[in-house]
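The shown structure was predicted, so the numbers you read here are calculated from the model rather than taken from an experiment. Chain letters run A, B, ... following the sequence lines, proteins first and then strands; every chain starts at 1.
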Number of protein chains: 2
Amino acid sequence: MRRPSMKELAQRLGVDRSTISRALSQDKAHLVAPETREKVRRMAIDAGYRPDLTAASLRRGRSQTIGVLVADLENETFINVIRTLIASLNVDGVPVTTPLIAETRDKPNAASRLIETFLSRRVDAIISLASTEADERALEDASREVPVILAIRTLAALNLPSALCDDREGGAMVARHLVERGHKLVCQVQGPPLATTFKLRAQGFSKICADLGVREVTKPIYTAEATPTAGKKALDLVFDCEERPTAIFAHNDAIAIGVIEALRERGLRVPEDMAVAGFNDTRLAQVLSTPLTTVAYPIREVGEHAALLFHSLIAGEKDEAGSRTFMPELIVRRSA
Amino acid sequence: MRRPSMKELAQRLGVDRSTISRALSQDKAHLVAPETREKVRRMAIDAGYRPDLTAASLRRGRSQTIGVLVADLENETFINVIRTLIASLNVDGVPVTTPLIAETRDKPNAASRLIETFLSRRVDAIISLASTEADERALEDASREVPVILAIRTLAALNLPSALCDDREGGAMVARHLVERGHKLVCQVQGPPLATTFKLRAQGFSKICADLGVREVTKPIYTAEATPTAGKKALDLVFDCEERPTAIFAHNDAIAIGVIEALRERGLRVPEDMAVAGFNDTRLAQVLSTPLTTVAYPIREVGEHAALLFHSLIAGEKDEAGSRTFMPELIVRRSA
DNA sequence: AATGCCTTGTCAATCGATTGCAATATCAAT
DNA sequence: ATTGATATTGCAATCGATTGACAAGGCATT
């Protein structure tokens with residue numbers, strides 16, 4: 001009743017295991033006579049044969065597996081990038097490479113432990129959507145054993161192939177928009193500074209403000225997490241400032257939602273009393289009764305480029321696809 | 001510069017590979033002399049030895065891997081159950097079992113393809129947080145080869161060990177609460193009927209309404225997805241009814257949020273003009289300026305019991321831990 | 001008929017770790 | 001000194017698939 005191994009198939013058919021292996025493979029199938037090939041394939045199907053990928057991995061030295069590190073599984077943007085990545089992993093609709101997905105939650109040594117697991121399982125590559133400076137060392141070490149690709153977040157010191165969004169320009173877009181709308185004093189509610197994303201958004205935003213002569217509230221405001229709860233708390237800090245801004249750039253939509261709810265609790269209207277912009281163009285952004293002005297993340301591009309990097313790196317191409325940075329897009333809605 | 005294999009370690013130390021294997025193992029370490037054991041472990045560490053789990057899997061017939069099917073990676077409840085599940089997979093803080101996480105998005109044949117992949121990779125068990133009637137067959141077939149555990153969603157026909165929330169009672173709790181608050185005509189915005197969860201919530205809710213003499217709007221209202229967007233659309237259907245209810249039970253928080261935003265756009269206040277209750281106690285539920293009355297999902301219990309089932313099943317215990325259903329908890333906030 | 005090429009298939013080694021069994025060493029008890 | 005028990009280590013098979021080397025047969029060319 002158990003499923004047969006390749007050896008058993010071979011016995012039943014009176015051929016060698018190697019013939020079975022080749023007949024069933026993609027690349028070596030031409031080495032076996034068409035009739036034999038068909039015979040083998042038919043028999044494999046109705047015997048319910050299922051190749052043992054652990055054995056194949058061992059022999060090939062390739063596990064057809066990719067380690068995916070993600071900072072936060074609840075974050076829509078990460079998930080959507082992973083989704084397009086996984087979709088691009090399939091060849092002709094057949095999933096050949098299985099992702100091992102693991103979450104770091106930005107905990108200091110989570111990444112290095114997970115990377116150890118990945119390497120023990122002999123992943124063919126690692127894609128990190130979770131890089132923080134704390135993991136720099138772990139990723140660097142890993143990159144000596146296996147291709148490492150960065151997505152969404154980069155690490156300047158490492159020079160690893162990456163698929164990114166132009167976060168600086170994204171921040172700049174928001175700033176320009178707010179300036180156009182006539183705001184004179186603005187404010188950022190920044191995400192936690194451990195990832196490059198938020199730093200770049202802040203830089204891009206501040207640069208434009210400075211260039212165009214718009215002031216930011218003096219004290220920089222950070223959230224501990226990029227969540228609505230944290231955004232809500234952060235609004236208190238905004239109101240602690242000597243001067244009250246007329247617009248807030250929240251570093252992502254989750255923070256923006258927290259900010260908006262907090263404003264509502266204070267009886268303030270968005271955007272009349274305070275304009276709010278977010279980042280990512282989350283699903284919720286469109287659903288809110290005051291639809292959110294935000295920056296659409298180039299999800300598909302980032303995911304697909306990460307997959308492209310993966311394929312080019314494991315194929316060992318010399319003119320490998322390089323790092324790329326994709327442009328986000330400002331989505332103007334009612335909130336700012 | 002490459003990392004050494006067990007064989008190379010053995011040569012350097014002048015002992016047999018089997019000794020290395022035993023010294024480094026958990027369960028057979030007592031078979032090797034304490035000094036040898038220490039010597040081996042030290043050498044392993046500073047040679048940077050890292051066991052090859054693909055080889056170990058092959059030989060052991062156990063991959064120390066578990067297939068996790070999840071319907072939706074964006075759903076906080078699923079993710080949180082998976083998180084506690086993964087945490088409970090570690091023994092003494094060491095991750096011994098690696099989860100292979102795959103998403104079905106409730107697409108008809110996604111589950112069976114993913115299960116094929118899992119089985120080819122020789123997972124030790126499969127945990128499905130994605131079961132729909134469409135996958136019944138695939139899960140049943142899988143359960144003949146490997147332990148299959150259901151979580152969150154069950155399949156009555158299959159009698160597989162499961163870790164569940166008492167969704168029926170959850171629905172009932174909401175109904176009782178609405179009755180207590182004096183509502184006479186209520187309405188459900190149901191989630192898609194492919195999963196048991198929503199059906200049970202609906203049944204529990206309706207039963208109590210009937211028992212306590214409260215009317216529901218006649219036409220049942222379903223959403224195509226359990227998302228805010230779908231919830232928003234569904235509100236139109238509610239207003240299409242001949243009579244307007246005074247309270248809405250949305251089958252989860254995401255739907256509830258859509259409903260609330262749609263109400264706001266119509267200029268209606270929650271809960272004064274329309275009470276709204278959700279399900280799951282999502283993070284957002286607490287953050288909203290009108291905090292959401294909802295049902296807290298027994299996340300920890302479900303995740304931990306699923307892990308318990310896994311451990312007991314692969315240990316082959318005869319008095320295996322059985323299916324369990326955990327009680328959710330009504331969280332009364334402002335919205336209803 | 002001899003030669004060479006091509007097609008098809010077999011043989012056997014191999015990937016790296018695990019484990020049942022056997023072998024040796026050590027020690028105590030008689 | 002002999003026996004037996006116990007502790008420690010080595011030997012070699014094994015898990016299941018893949019692949020380089022090679023052999024057999026067929027066919028065409030000269």
Do Thr54(A) and Ser57(A) have side-chain N/O donor and acceptor atoms under 3.5 Å apart? no
For a quick check under 3.5 Å, do Ser120(B) and Thr117(B) share a side-chain donor-acceptor pair by atom type?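 Thr117(B) and Ser120(B) do not have a side-chain donor-acceptor pair below 3.5 Å.
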Which is true for Leu31(B) with a 4.0 Å heavy-atom rule: it touches a base, it touches only sugar-phosphate, or it touches nothing? base
5' to 3', nucleotides 15-23 of chain D under a 4.0 Å protein heavy-atom cut-off (B base, S sugar-phosphate only, - none) gives BBBBBB---
Set of residues satisfying side chain to side chain contact (heavy atoms under 4.5 Å, CB included) with respect to Leu31(A), sequence neighbours excluded: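 Side chain to side chain contact (heavy atoms under 4.5 Å, CB included) check on Leu31(A) returns Arg22(A), Lys28(A).
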Who passes side chain to side chain contact (heavy atoms under 4.5 Å, CB included) against Thr65(A), sequence neighbours left out?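 Ser63(A), Thr98(A), Leu100(A), Val123(A), Arg121(B).
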If the condition is salt bridge (Lys or Arg N to Asp or Glu O under 4.0 Å), which residues does Glu140(A) pass it with, not counting sequence neighbours? none
Using C1' atoms of five pairs at each end, report the bend of the helix from dA1(C)-dT30(D) to dT30(C)-dA1(D) rounded to 10 degrees.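 Axis angle across the helix from dA1(C)-dT30(D) to dT30(C)-dA1(D), nearest 10°: 50°.
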Rounding to an integer number of Å, can you tell me how far Leu24(B) CG sits from dT18(C) P?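 One finds 8 Å between P of dT18(C) and CG of Leu24(B), rounded.
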For Arg62(A) and dT14(C), what is the distance between atoms CZ and C1' respectively, to the nearest whole Å?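 After rounding, the reported distance stands at 18 Å.
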Would you call Arg153(A) and Asp106(A) a salt bridge, taking side-chain N to carboxylate O under 4.0 Å as the test? yes
Determine which pairs satisfy salt bridge (Lys or Arg N to Asp or Glu O under 4.0 Å) with at least one residue from residues 45-72 of chain A, sequence neighbours left out, and list them in order. Arg50(A)-Glu116(B), Arg50(A)-Glu145(B), Asp52(A)-Arg122(B), Asp72(A)-Arg83(B)
For Ile126(A) and Ile66(A), what are the C-alpha separation, side-chain angles and deciding distance, and is it a side-chain contact (heavy atoms from CB on, under 4.5 Å)? CA-CA 6 Å; Ile126(A) 293 177; Ile66(A) 184 172; over 6 Å; no
